[in-house]
Amino acid sequence: MLRTHTCGELNKEHIGQTATLCGWVDSIRDFGGVTFIDLRDRYGRTQVVFNPDARSEVIELASKLRNEHVIKVEGIVRQRPDGQFNHKLSTGEIEFVVNDLQVLNECKTPPFVPGQKDVPGEDLRLKHRYLDLRREKMLQTLQLRSRIIKTMRDYCADNDFIDIETPILGRSTPEGARDYLVPSRVFKGKFYALPQSPQIYKQIMMIAGYDRYIQVARCFRDEDLRADRQPEFTQLDLEMSFVDSDDVIGMIDGLMKRLAKDILGLDIQLPLPRLTYDEAMARYGHDAPDLRFGMQIVDCTEIARDCGFGVFKSTAESGNFVRGINASGAASKFSRKRIDELTAIVKDDFGAKGLAWFRCEEDGTLFSPVAKFFSEEHLAEIKSKMDAQPGDLLLFIADTWEVSCKSLYGIRKRMGAELELYDPSQMHFSWIVEFPMFEQVAESDQWSAMHHPFTAPRDQDLKDLDSDPGKTRAKAYDLIINGYEAGGGTIRIHDSGIQQKVFGLLGLDAESAQERFGFLLDALKYGAPPHGGIALGIDRVVMLFAGLDNIRDCIAFPKTQKAYDMMTEAPNLVEPIQLEDLGIKVSKTNANSSP
RNA sequence: GGCGCUGUAGCUCAAUUGGUCAGAGUCCCGGACUGUCGAUCCGGAGGUUGCGGGUUCGAGUCCCGUCAGCGUCGCCA
């Protein structure tokens, strides 16, 4: 080792000792005579002092030091003078007096310095990620990530889970997200697919008798990115045999309790609250609601049915819904202009036809541009149903169930943040359960799997599989943290007969099901135990535990919104010979898309 | 693919309604300074305002296109 200690290690216990430190120059304070340098590494910062009585070569060399040079210093640990302790540093009671200095490597003038107050633009950070990762915040987040994953692994190991790796080069399966494909050189014209998740492999492991499996698994989905979505991401993938929903949920409850305690020092109550899918949609308009605040959706369709406002009345009469939320105390904070902005959002983003609003005045009356279409009685009914108090703002969407859900969810989410209805550091864990097995494919009588085609229906719903597929509820559960889907799982079908039936409903005939999933269907016939599991989005969990608002900041080398790696410039062109080897001819290139 | 925000010095940002608006801090270069820890002080260098058109007497500012980053809808079993 070039060093005897790290930059976060020395303290008053070491006073008088000689030591050698290595690190990056974090800042320089040159007084002509004495010069101070903060030396930084992963572990901390140590103030390094160059005194005027040092050897002249050392002083000469020190005067040439610049930010981010990598140096090695030998010297003596000394207590700082009285009143000059730096309580922000773990090493703040001592300083390191240099006898000898060696510049291990210089640093070009960097585009930005890790210690600067203002965070540089994200494109610059991604291009020079090696500099960005030196920033304290990035270091903390990646350390937090490491601790979270370790806690997950420890917890699973304590519960007899076995960690098994599954292939990255797999087979493309229908449905789901777009696959990332890898061409085969040997089988020209054929492709591997990178796993969207290790779903099928872990089920096979159950059939093989490895009754508790986990994997910290990299997953790949070629879909458009979001703040909480990257093309490659990491899951804690977990599967158990001889279990039902409650067993898996209970196992994850325990994991969340341990994570909250070990990582955040929080005590959370178990069992975590559960909400059915139907309740979540009715109250919050979404299957991953942020439950840190109320502002629940209220259905006013019945009042609307016989009111004088044509939009409301016709909506109710056509079998659609008039629902609203009470933005408590928002009347003064939301000007006419801000309401217009909300209206634009629900129209543009969710296809709503409009946004009706009422303001509850000081005297308790409801003011609204459309109030004139309502009788006193109807206004009173609305006020009572919405529990409107003076200063409240009521917002209504009259539309289909789907549009009203999306719109009100969107508004609620925005208002909750803007009105500061919750403490951003608060953590709320919950489960959404009893998802529908199927959802109707738009404008057709075709069904698609809400989760995936191996999801088991609830036992009491088996009878509906033939008669009323839309009514069947699945043994599916999503873990929600602060309005984010942090994980989701299901109990799987372990009966090949039921599996065939579900495939049938999904429009997969026996032949094509056999063609695509034959190996799984076969395996199910060779003694498959009842089993189920879950996958947690580790990047999202880290994001939430770190209090961040995007997962790029919890990933060492993330990609941009176009799935581009600004540092390595991937994806990129390959040599013609490589394509030739693969038997691939590129017919269309996007010359405009740089670089 | 749609909608929106952003793009000005290496970096972070500023620049009334289109009119000495090319500016600050920091970084960089040179100098001063023996106790700072966001050191301080003096001096200097540094920009074709992302790119391409257009409107105008005049564009960083307005319009159109385009590129990039971000947010979002679609999409993500």
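Judged by distance alone with a 3.5 Å cut-off, no donor-acceptor contact links the side chain of A:Arg66 to the base of B:C27.
Applying the Watson-Crick and G-U wobble criteria (two distances, each under 3.5 Å), B:C28 pairs with B:G44. Nucleotide B:U55 has no partner under the Watson-Crick or G-U criteria, as no pair reaches both atom distances under 3.5 Å. Nucleotide B:C76 is matched to nothing when pairs are restricted to Watson-Crick or G-U wobble geometry with both distances under 3.5 angstrom. Nucleotide B:G7 forms a pair with B:C67, judged by Watson-Crick or G-U wobble geometry with both contacts under 3.5 Å.
For the pair A:Phe36 and A:Asp349, both in contact range of RNA chain B, the more 5′-proximal nearest nucleotide belongs to A:Phe36.
The distance from atom CD of A:Gln47 to atom C1' of B:G38 is 14 Å, rounded to the nearest whole Å.
In this structure, A:Gln84 does not reach the B:C37 phosphate: none of its side-chain N or O atoms is under 4.0 Å from OP1 or OP2. Between A:Lys562 and the phosphate of B:A68, there is a side-chain N or O to OP1/OP2 separation shorter than 4.0 Å. Considering only side-chain N and O atoms, A:Arg80 lies nowhere under 4.0 angstrom from the phosphate OP1 or OP2 of B:C37.
Judged as a ring pair (Phe, Tyr, Trp, His ring centres under 6.0 Å), and not counting sequence neighbours, the contacts of A:Phe321 are A:Trp401.
Look at A:Phe112 and the base of B:C11; the rings do not stack under the cut-offs of 5.5 Å between centres and 30° between planes.
Aromatic ring centres of A:Phe435 and A:Tyr477: separated by at least 6.0 Å.
At a threshold of 4.0 Å, the pair A:Asp132-A:Arg135 counts as salt-bridged, since one of the basic side-chain nitrogens sits closer than that to a carboxylate oxygen.
A:Trp447 CH2: more than 12 foreign heavy atoms inside a 6.0 Å radius.
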